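Worksheet: one structure, shown below.
Order of the sequence lines fixes the chain letters, A, B, ..., with proteins taken first and strands second; residue numbering starts at 1 for each chain. Not measured: the values here are computed from a predicted model.
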Protein chains: 2
Amino acid sequence: MCQLLGMNCNVPTDICFSFTGFACRGGRTDEHRDGWGIAFFEDKGCRVFRDYLASSESPIAELVSHYPIKSTNVIAHIRKATQGEINLVNTHPFQRELWGKYWVFAHNGNLERLPELPTHYYRSVGTTDSERAFCLLLEQLRHRYDEEPAANVLFETVKEIAGELAQHGTFNFMLSNGEWLFAHCSTHLHYIIRRAPFCKAHLLDEDVTVDFAQVTKAHDQVAVIATQPLTDNESWIGMESGELIGFHQGQVAWQATTVSSTK
Amino acid sequence: MCQLLGMNCNVPTDICFSFTGFACRGGRTDEHRDGWGIAFFEDKGCRVFRDYLASSESPIAELVSHYPIKSTNVIAHIRKATQGEINLVNTHPFQRELWGKYWVFAHNGNLERLPELPTHYYRSVGTTDSERAFCLLLEQLRHRYDEEPAANVLFETVKEIAGELAQHGTFNFMLSNGEWLFAHCSTHLHYIIRRAPFCKAHLLDEDVTVDFAQVTKAHDQVAVIATQPLTDNESWIGMESGELIGFHQGQVAWQATTVSSTK
């Protein structure tokens with residue numbers, strides 16, 4: 001399996017603190033050492049850093065831990081391979097363009113017997129179930145809508161498609177187009193909303209503390225989503241199996257349960 | 001305008017030496033300080049580093065200069081903005097998926113009155129003429145072929161499309177799908193093929209020398225392509241206006257002149 005980390009905020013924020021703890025789990029405090037990646041949205045732009053090395057040993061991860069890139073939507077992933085070789089092409093997050101925006105996706109879980117890709121608009125490059133699920137999702141969205149629908153319509157459509165795909169196995173995923181971040185839980189996903197009054201947070205995986213009161217403004221809102229909580233002195237909310245949450249501007253904007261979870 | 005750097009080899013090779021000189025031109029030895037980017041193909045995988053900071057001042061460029069990523073196809077770009085704001089979304093190289101492979105493109109020049117994008121398969125995310133030209137090129141390729149044709153057929157088709165696009169202005173570009181690298185010259189593009197017997201090379205932009213005899217094997221072949229020569233003690237070949245070269249395995253595999261140059 002793998003682990004996921006996401007961030008969605010109302011003002012561009014760096015993820016150095018959370019990523020420092022998360023990157024430890026890629027080979028030091030946990031076993032997810034088969035590559036890692038992180039995508040930062042900056043307005044419509046997106047940059048993805050990835051490496052097939054363990055995040056705890058990668059010079060690129062070291063840079064990302066210390067270089068404060070300000071972003072409103074971030075998705076990161078550390079991999080423990082289930083399907084597909086350990087190489088660059090199979091590292092998450094995956095990225096494609098849809099409706100004139102970049103879309104980024106990372107997955108934790110294992111999907112079996114996925115349907116064949118129609119390969120009209122989107123094709124897999126690597127060999128993971130995850131990239132194929134992403135392409136299937138985008139293909140369906142593109143088939144249904146020629147232009148991007150309203151976010152609540154998108155949320156409903158993603159809920160429906162995610163429910164279908166989740167019938168093929170474990171499907172914890174994060175998806176973002178730079179405006180919102182959708183997080184779907186099959187087994188493990190937790191989140192926390194940080195807002196005023198801000199307090200100190202201490203990492204679980206490394207002895208690092210940050211006082212958010214010192215580095216934020218009063219109206220800042222930051223949602224952090226992770227497979228397992230990253231700090232040991234805050235109350236993380238565990239998501240339910242089948243729960244899909246749409247985060248927008250650092251808040252829970254949409255919340256629903258996919259069909260598959262009602263089985 | 002901007003500057004381009006490309007590398008195509010028969011064995012995975014790092015580009016640290018060439019990139020060190022090239023990155024100086026992004027704000028130190030030349031004026032191209034409006035962002036930069038570099039794409040490395042590793043088998044079918046591709047990683048793109050990009051920044052809106054000048055390459056001579058970017059911590060990410062510093063990492064890329066010193067971290068030896070081994071790749072058979074590399075495309076890099078330093079930007080001096082003509083069309084489109086200075087931001088992440090407008091930094092080259094651009095990347096899309098076509099026929100189950102990643103395609104990477106960078107452009108130096110200025111294109112006016114480009115046709116509207118059909119927006120069936122590919123849409124621009126940013127506001128540059130360059131990204132639009134890339135999308136127009138991919139759109140035409142995807143319309144003509146459902147599956148990837150042989151490389152010589154692709155070369156002929158790209159020649160034809162590049163000739164049409166070059167009628168809209170200056171169109172120096174590099175394009176790669178990880179197997180070959182196509183370079184098209186409108187105004188300035190030079191290349192060198194390094195093969196045995198290897199000798200020492202000295203950068204133009206910084207006092208750095210490398211002895212390639214120490215870091216290569218006898219059968220290595222490396223083509224380096226750049227807007228302007230990067231070394232002061234080697235014989236770079238200047239490309240002709242309208243010339244398109246397909247590099248494969250560190251050699252010139254295909255060579256032609258686009259229609260536009262015969263005007």
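Put simply, of A:Ile69, A:Val125, A:Thr91, the one with the most heavy-atom pairs under 4.5 Å next to chain B is A:Val125. Per-residue heavy-atom pair counts under 4.5 Å with chain B were compared for A:Asn87, A:Ile60, A:Leu98, A:Thr119, and the maximum is reached by A:Ile60. Interface check for chain B: of the options A:Glu97, A:Lys44, A:Glu42, the most heavy-atom pairs under 4.5 Å are formed by A:Glu97. When each of A:Tyr121, A:Tyr122, A:Tyr102 is scored by its heavy-atom pairs under 4.5 Å with chain B, the top score falls to A:Tyr102.
When heavy atoms are compared at a cutoff of 4.5 Å, B:Arg50 approaches chain A by way of both its backbone and its side chain. Residue contact with chain A, scored on non-hydrogen atoms closer than 4.5 Å, is absent for B:Asn90. In this structure, the portion of A:Arg96 lying under 4.5 Å from any heavy atom of chain B is its side chain and not its backbone. Neither the backbone nor the side chain of B:Cys135 comes within contact range of chain A, judged by heavy atoms closer than 4.5 Å. With a 4.5 Å cut-off on non-hydrogen atoms, B:Tyr67 touches chain A through its side chain but not through its backbone.
Here the two rings, on A:His107 and A:His184, have centers that are 6.0 Å apart or farther. For A:Phe105 and A:Trp103, the gap between ring centers reaches or exceeds 6.0 Å.
Separation of atoms CG (B:Leu181) and OG (B:Ser176) is listed at 5.0 Å; rounding is to 0.5 Å.
One finds a salt bridge joining A:Glu148 and A:Lys101 here, because a Lys/Arg side-chain nitrogen approaches an Asp/Glu carboxylate oxygen to under 4.0 Å. A:Lys80 and A:Asp30 are not joined by a salt bridge, as no carboxylate oxygen comes within less than 4.0 angstrom of a charged side-chain nitrogen.
The aromatic rings of A:Phe22 and A:Phe19 sit tilted, their planes meeting at an angle between 30° and 60°.
Although no hydrogens or angles enter the test, the distance criterion places no donor-acceptor pair under 3.5 Å between the side chain of A:Thr216 and the main chain of A:Asp220.
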